[in-house]
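Structure first, then comments.
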Amino acid sequence: MNTMTITVTGMTCGHCVASVTEEITELAGVEGVEVDLPTGSVTITSSEPLDPTAVAGAVEEAGYAVA
């Protein structure tokens with residue numbers, strides 16, 4: 001099990017959290033995504049190491065940025 005924690009900027013509501021979660025979940029190997037809205041912290045668990053560039057791309061696809 002691999003874990004990656006990133007900080008996402010620009011999220012302000014539950015819809016934002018859902019959008020980010022949905023995009024990250026689509027990445028190969030992702031098994032879980034936990035978002036803490038007040039801090040912007042996103043913890044991703046996966047079966048294999050994730051490419052940080054791919055994760056950032058998924059966050060950007062949702063309309064947000066990785067800090």
Task: Main-chain N/O of Ala62 paired with Ser19 side-chain donor or acceptor, under 3.5 Å - done: no
- [ ] Tell me, with the steps shown, if Met11 and Leu37 meet side chain to side chain contact (heavy atoms under 4.5 Å, CB included).
- [x] CA-CA 7 Å; Met11 294 187 298; Leu37 182 58; 3.7 Å; yes
Open item on the list: Set out, in order, the CA-CA distance, both residues' side-chain angles and the distance that settles side chain to side chain contact (heavy atoms under 4.5 Å, CB included) for Val66 and Thr7, then state yes or no.
Closed with: CA-CA 6 Å; Val66 175; Thr7 300; over 6 Å; no
- [ ] Could you pull out the closest heavy-atom pair between Tyr64 and Gly10, with the gap in Å?
- [x] CE2-O, 3.5 Å
Task: Identified side-chain contact (heavy atoms from CB on, under 4.5 Å) counterpart of Met4 within the set Leu50, Thr45, Val30 - done: Leu50
Task: Contact summary for Ile6 and Val8, nearest pair of heavy atoms - done: CD1-CG2, 3.9 Å
Task: Distance (rounded to the nearest 0.5 Å) between Glu26 CD and Thr21 OG1 - done: 11.5 Å
Open item on the list: What's the separation between atom OG1 in Thr5 and atom CD in Glu34, rounded to the nearest 0.5 Å?
Closed with: 9.0 Å
Open item on the list: I want to check something: taking the side chain as every heavy atom from C-beta on, are Thr43 and Val33 in contact at a cut-off of under 4.5 Å?
Closed with: no
- [ ] State the CE-CD distance between Met1 and Glu31, to the nearest 0.5 angstrom.
- [x] 4.5 Å
TODO: To the nearest 0.5 Å, tell me how far Ile24 CD1 sits from Leu27 CG.
DONE: 7.0 Å
